[in-house]
K.L.:
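If you scroll down you'll find the structure; I have some questions about it.
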Amino acid sequence: IKLIKIIAMTIEYLKNCDTNKILKKLCKHSDPIVRESLLYNINAIPKKYLEILLNDEDMDIQEKVCENLTKKSQLRVIC
C-alpha cells in the first residue's frame, strides 16, 4: 500500500505512462487511504477524476474534494 500511496501522491511526476489509466484505478481502489492520497496534490488531478472522488463512499474524501472544488469555483453544484 505504501508504494501505491506514493504513486497517488506524485502522479504529476509520472512520465511515459498512461496516467489516466492509473488515476482511474486509484480512484476506485478498495483502500480509502489510497483514494485519499490522490488529494495530497489535488491540483494535479483532472476534474473528471475529482468528480469520481466527489461520489466516493468515504464521506471524508467527498468533503475534501468538495471543499477544494468549491474554493476554486470549479463546482457548479453545492456539495
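Just so you know, these numbers come straight off a predicted model, no measurement behind them.
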K.L.:
Quick check: is I11 connected to L3 through a chain of hydrophobic side chains (ILVMFWY, heavy atoms under 4.5 Å apart)?
P.N.:
yes
K.L.:
If you count the non-hydrogen atoms of other residues, nucleotides and ligands that lie under 6.0 Å from CG in L14, is the total more than 12?
P.N.:
yes
K.L.:
Can you tell me how far CD1 of I7 sits from CG of L23, rounded to the nearest 0.5 angstrom?
P.N.:
11.0 Å
K.L.:
Using the salt bridge (Lys or Arg N to Asp or Glu O under 4.0 Å) criterion, which residues pair with K64? Sequence neighbours excluded.
P.N.:
E36
K.L.:
Rounded to the nearest 0.5 Å, what's the gap from CD1 on I61 to CD on E63? Could you check?
P.N.:
11.0 Å
K.L.:
Using the side-chain hydrogen bond (donor to acceptor under 3.5 Å, both in side chains) rule, collect all pairs that involve residues 9-21, keeping only residues at least two apart or in two chains.
P.N.:
E12-N41, N20-Y49
K.L.:
Just one of L53, I52, V34 clears the side chain to side chain contact (heavy atoms under 4.5 Å, CB included) bar with L26, so which one?
P.N.:
V34
K.L.:
I'd like to know if D56 and R35 make a salt bridge, using a cut-off of under 4.0 Å between side-chain N and carboxylate O.
P.N.:
yes
K.L.:
With rounding to the nearest 0.5 Å, note down the distance linking CD1 in I1 to CD1 in I33.
P.N.:
8.0 Å
K.L.:
Quick one: CG on L50 to CG on L38, what's the gap to the nearest 0.5 Å?
P.N.:
8.5 Å
K.L.:
Would you check if I4 and K25 make a side-chain contact, meaning some heavy-atom pair closer than 4.5 Å?
P.N.:
no
K.L.:
Considering non-hydrogen atoms only, spot the tightest contact between P46 and A44 and give its length.
P.N.:
CD-O, 3.5 Å
K.L.:
Other members of the hydrophobic cluster containing Y40, with the 4.5 Å side-chain heavy-atom rule, please.
P.N.:
M9
